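See below for the structure under consideration.
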Number of protein chains: 2
Amino acid sequence: MLRLTKKADYGLMALKYLAEQAFVAEHAGPNATGARSAKDIAEAYHIPPQLLAKILQTLARAGLLVSHAGTNGGYALARSAANISAFEVIRAIDGPLFITSCITIHGTCDLAGHCTIKEPLRKVNDSITDLLAGIKIADLIEPTDHLPAAMAGGLVSIER
Amino acid sequence: MLRLTKKADYGLMALKYLAEQAFVAEHAGPNATGARSAKDIAEAYHIPPQLLAKILQTLARAGLLVSHAGTNGGYALARSAANISAFEVIRAIDGPLFITSCITIHGTCDLAGHCTIKEPLRKVNDSITDLLAGIKIADLIEPTDHLPAAMAGGLVSIER
DNA sequence: CCATGTACGACCATTTCAGTCTTGCTTCCG
DNA sequence: CGGAAGCAAGACTGAAATGGTCGTACATGG
């Protein structure tokens, strides 16, 4: 439970892949855009190509990727990898995230009076949002290791 | 997406309700245990009674509630409301939470080599776990308002 | 013009969720 | 004792979300 979908997983992987490609392109000629076809990415991660294609289209529609059709076309990051957050990716693919079913778009609980739990949970929701918003695609490259630290531990305490 | 199930919602509501009852029981005679039947709780929140019953059974099996059969039976908190975390409730009902499909019980990614995303996400996972573990049932009572503060904001930053 | 690639909608199988039904056991109380 | 109140637990069902496929159309570079 509380897991994100495989699509979101795939999306993050693809973004990471493109970020790496953009990085190498940066060190190549000016015509190397770092664009890769959906098929390439799918093969690199053994993801069903058609599915990945749809995900990338979604991401492009959300403005996180730029697409270029035709021969030698493909996708590339629309912005720097440091400016794309995991939150944006997840929201683009899985839609707005609400930890509890109570919280709708309007912030109103359908069980008007009786659902007294939603307010505290909304805080949790916001925290997770902030957490994910703080994680950029750029943070996903590099073999991790030295990045945890601040992420675990007593991040929060509710005062009563 | 990234939402918890209705069952977990219901479970939290029920726990909160029992916490409140335990509180009033505390101020009553020694024989007032604060135990309430599943039906009572279900009616208070307009939850399908049978469904709530199953949830409460799960919670009892997990050791968060104590049950007492027979006339005037019902459920009561097994511990103080300040010692039961939202995380325990959610895990008891929805099972262990793993934010990404990659992370299995064994911590191994089924896509051995190619899934390079899982390590950073595991940190996120841990953060959310900690976040939920820090929220106690006792924090859910009281008409909220003055409790947010620390929960929103720059909780985390990944160093690179 | 054709190979390569994106765009997009329809479709399908499987799983998960939410909820119901049924049956059985336990305890209290008259 | 016996019945009512209450928990325990498994089978079952309908609906929705997920994961994935297919087919077709459009764009573009050589």
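The figures that follow rest on heavy atoms only: side chains count, while hydrogens, waters and symmetry mates do not. Since we're looking at a predicted model, the values are computed, not measured. Residue numbers start from 1 in every chain, and the chains themselves are labelled A, B, ... in the order their sequence lines are given, proteins ahead of strands.
Residue B/Ser67 has a polar side-chain atom (N or O) positioned under 4.0 Å from OP1 or OP2 of D/dA8. Here A/Arg36 does not reach the OP1 or OP2 of C/dG5: none of its side-chain N or O atoms lies under 4.0 Å away. Residue B/Tyr10 places none of its side-chain N or O atoms closer than 4.0 Å to OP1 or OP2 of C/dC17.
The nearest whole Å value for the distance from the CG atom in B/Leu51 to the P atom in D/dC7 is 15 Å. As rounded to whole Å, 7 Å separates atom P of D/dG6 from atom CG of B/Asp40. Counting to the nearest Å, the P atom of C/dT27 and the NE2 atom of B/His68 are 7 Å from each other. One can place NZ of A/Lys54 at 17 Å from P of D/dT24, the figure rounded to the nearest angstrom. Across the protein-nucleic acid pair, A/Arg3 atom CZ and D/dA17 atom C1' stand 10 Å apart, rounded to whole Å. Taking atom CD1 of residue B/Ile41 and atom C1' of nucleotide D/dG6, one finds them 12 Å apart after rounding to whole Å. Atom CZ of A/Arg61 and atom C1' of C/dC8 are 8 Å apart (whole Å). If you measure from atom CD of B/Gln57 to atom C1' of C/dC21, you get 14 Å, rounded to the nearest angstrom.
Along DNA chain C, the nucleotide nearest A/Thr71 and the nucleotide nearest A/Leu56 are compared for position; the residue whose nucleotide lies closer to the 5' end is A/Thr71. Mapped onto DNA chain C by nearest heavy atom, B/Gln50 and B/Asn72 fall at different nucleotides, with B/Gln50 at the one closer to the 5' end. Between A/Ala69 and A/Lys7, the residue anchored nearer the 5' end of DNA chain D, judged by the nucleotide with its closest heavy atom, is A/Lys7.
Within a 6.0 Å sphere centred on CG of B/Asn83, heavy atoms belonging to other residues, nucleotides or ligands number more than 12.
Here B/Lys7 contributes atom NZ and B/Thr58 contributes atom OG1; the two are 7.5 Å apart, rounded to the nearest 0.5 Å.
At a threshold of 4.0 angstrom between heavy atoms, the contacts of A/Ala38 are confined to the sugar-phosphate backbone, with no base atom among them.
When the side chains of ILVMFWY residues are joined at heavy-atom separations under 4.5 Å, either directly or via intervening members, B/Phe87 and B/Leu131 end up in a single hydrophobic cluster. B/Val66 is not connected to B/Leu15 by any chain of hydrophobic side-chain contacts under 4.5 Å among Ile, Leu, Val, Met, Phe, Trp and Tyr, and they are in different clusters.
Nearest heavy-atom pair, A/Ala19 versus A/Ile137, reported as atom, atom and distance to 0.1 Å: CB-CG2, 3.8 Å.
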